[in-house]
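Below is the structure I would like to discuss, written out as structure tokens.
Protein chains get the first letters and strands the later ones, always in sequence-line order, with residue 1 at the start of each.
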There are 2 protein chains.
Amino acid sequence: MNFQQLRYVREAVRRNFNLTDVAAALFTTQPGVSRAIKELEDELGVEVFVRRGKRLLGLTEPGKALIDVIGRVLTDSRNLRQIAQQFSDSEQGRLEIATTHTQARYALQKVIKQFMEAFPRVRLGLHQGTPVQIAEMVSEGRADIGIATESLDKYSQLCTFPCYSWYHGFIVPAGHPLTRLEKLSLDAVVEFPIITYEESFTGRSHIDKAFAALGVVPDVVLTAIDADVIKTYVELGLGIGIIASMAYDADKDHGLRLLDASHLFEANTTRLAIRKGNFLRGYAEQFIRMFAPRISAAELRQALVAANGDA
Amino acid sequence: MNFQQLRYVREAVRRNFNLTDVAAALFTTQPGVSRAIKELEDELGVEVFVRRGKRLLGLTEPGKALIDVIGRVLTDSRNLRQIAQQFSDSEQGRLEIATTHTQARYALQKVIKQFMEAFPRVRLGLHQGTPVQIAEMVSEGRADIGIATESLDKYSQLCTFPCYSWYHGFIVPAGHPLTRLEKLSLDAVVEFPIITYEESFTGRSHIDKAFAALGVVPDVVLTAIDADVIKTYVELGLGIGIIASMAYDADKDHGLRLLDASHLFEANTTRLAIRKGNFLRGYAEQFIRMFAPRISAAELRQALVAANGDA
DNA sequence: TATCCTTACGGAATTCGTAAGCATG
DNA sequence: CATGCTTACGAATTCCGTAAGGATA
């Protein structure tokens, strides 16, 4: 039994049991993967994969029993490397952050600048994706830290922490009739075409919920992943925008006005996710501390020790 | 990084950093061990062991941080084999039980007979030792199950369950003056020389505690590890014995009488220990069920999933 | 001086890539 | 007939044991 064999098995599960893909993903050849897996099965005395003819279709019962432990072994082998690096040069390494456009562009700006100044020898990777992709990246160990407002708490392998709360706001062209209202109401805004985030992005669920609760159907004419796109079309006069209020910059967004909507939509809580059982480099803990000081070191450690359940 | 290297490191810690011993224990040569460890250190970029000149003295700071994770990796690799075997032939394998003489000779008799009939193709290993040795055997994975009355709950890596309670009794030659007493008291027995278990064996602590509470000092003239030895000397008239009452057999021990002492000494609880994070073969669970039906399957599973803390 | 670790060397075993073969949808 | 796994072969690498060397208590 060796780590390579285990790595191939894990990757096969991830790549839908296509060994050609596995080989490509791990920079090796397909026959090598095929053989290594067979050797492991021989040594263990059980078939790990269900085969029909020459294709792999899924995990056998023993395979299902083994796969979680295999995952833990591989996580730990990675942890060993991380721990060692932490001692050999605690200020050098990589930090992979998976997040959404909104967080990357607005919430993380300051922290990332600060972090890069504090740890100039750490290479930062900023990976954008949907909240679901972010959760998967962290689950699979491709990212160390995930940051998003949605979806993260649906993965049992992840440990999530609330970081900060924020509200949506309406964004309208300067001089728009809504700017003359004392206090915004949903009834007033449904008169206008609306431009906002795509589903499952940046608190979109709270927006839908608020309208649904009132029984009104907003006329969402355009959706986008990021506030920049939304602002562009609001500026063109195609509708009024609903965006995270932090995405409005009074200096840069001359032609636009932000209208408070904190009384209309539920607060959104942006969460940070790490994988249970993953060792975090010292600078990764520092990053978390910079971004969300309210997460205590003790909380963090506890989450990391917690094993992923199996068998 | 490979399993062999990790195995050498773990064994080095266990064998007090003597690589010659490590090589002997793992059936290989000392230069091989030396090299493998150095290769691992090279790959990780940190020294795992503190060296003075050419001797290893202990773990470095990084070494201390790594050692628990290394242990978990090795435990899991063993688990993988066990899980696979469980499927390839669920009725064949080995079961190593570490226990004391008393348990092996009296309490386990019936269960072991029953187990061997139920699982004829499982090889049983019965390892005797002191309670401390038993705890260590289970901690190190050399035994699957440990059974003893003392010491087991002092090891954080172990998970222990109460199995059954029992009392000490006095054992005297037939016709001894004490047999004429209605009810035994400690005051009465201190008049006689006493033969009983060695310290830290078979509830000896409770015996000492009872005498100490009364402020009397018993005249312990002989101590032994097992009841058979104690009975032998009681029969020779060298004193009265205190043994676990289950060790008295009215049929075989003709010349001896057992006197109830359940009102004099605290009850003893025999416990069963397994290592946290260790996969148990199906028949091992069955053994536990036979020996201590009151331990629920759920309790057992939960203990096994619980990880050993690190970092 | 005995113990214990390191270095050097060479044979054995393992690993891994290329090329060809064969089953399946 | 394209996709995807297996088998066969050979080169490169890794592994591991023996023998000799050097440091320490």
Requested in this report: Classify the side chain of R52(A) and the base of dG25(C) as holding, or not holding, a donor-acceptor pair under 3.5 Å.
Outcome: no
Query raised in the report: In whole angstrom, what separates K38(B)'s NZ from dC15(D)'s P?
Result: 16 Å
Report task. Give the nucleotide from the list dG17(D), dT18(D), dT3(C) with an atom nearest to the side chain of T28(B). Result -> dG17(D)
Report summary line: Separation of dA19(D) atom P from R35(B) atom CZ, nearest Å, is 15 Å
Query raised in the report: Under a 4.5 Å cut-off applied to non-hydrogen side-chain atoms, are Y155(A) and V132(A) in contact?
Result: yes
Report summary line: Of K54(A) and T29(A), the one whose nearest nucleotide on DNA chain C sits closer to the 5' end is T29(A)
Query raised in the report: For Q4(B) and dG17(D), what is the distance between atoms CD and C1' respectively, to the nearest whole Å?
Result: 13 Å
Query - Whole angstrom value for the distance that separates P of dT15(C) from OH of Y8(A) - result: 11 Å
Query - Nucleotide dT7(C), atom P - distance to CD of Q30(B) in whole Å - result: 11 Å
Query raised in the report: What's the CG-P distance between N18(B) and dA25(D), to the nearest Å?
Result: 14 Å
Query raised in the report: More 5' along DNA chain C: L19(B) or G53(A), using each one's nearest nucleotide?
Result: L19(B)
Requested in this report: Give the rounded distance in Å between these two atoms: CD1 of I37(B) and P of dC4(C).
Outcome: 15 Å
Requested in this report: Report which part of the nucleic acid F27(B) touches: base, sugar-phosphate, or nothing (heavy-atom distance under 4.0 Å, all strands).
Outcome: nothing
Report task. Considering non-hydrogen atoms only, spot the tightest contact between L152(B) and T160(B) and give its length. Result -> O-CG2, 3.7 Å
Report task. Decide, yes or no, whether a salt bridge links R301(A) with E285(A) under the criterion of side-chain N to carboxylate O below 4.0 Å. Result -> yes
Query raised in the report: Hey, are D144(A) and R78(A) close enough for a salt bridge, meaning a charged N less than 4.0 Å from a carboxylate O?
Result: yes
**Report entry** Sugar-phosphate, base or nothing in reach of N2(B), heavy atoms under 4.0 Å
**Finding:** sugar-phosphate
Query - Carboxylate-amine/guanidinium contact D228(B) R105(B), below 4.0 Å - result: yes
Requested in this report: For F17(A), answer base if it contacts any base atom (sugar-phosphate contacts may also be present), sugar-phosphate if it contacts only those atoms, and nothing otherwise; contact means non-hydrogen atoms under 4.0 Å.
Outcome: sugar-phosphate
Query - Minimum-distance nucleotide (side-chain atoms of T20(A) versus dA19(C), dC4(C), dC5(D)) - result: dC5(D)
Report summary line: Taken to the nearest whole Å, CG/L56(B) to P/dT3(C) is 18 Å
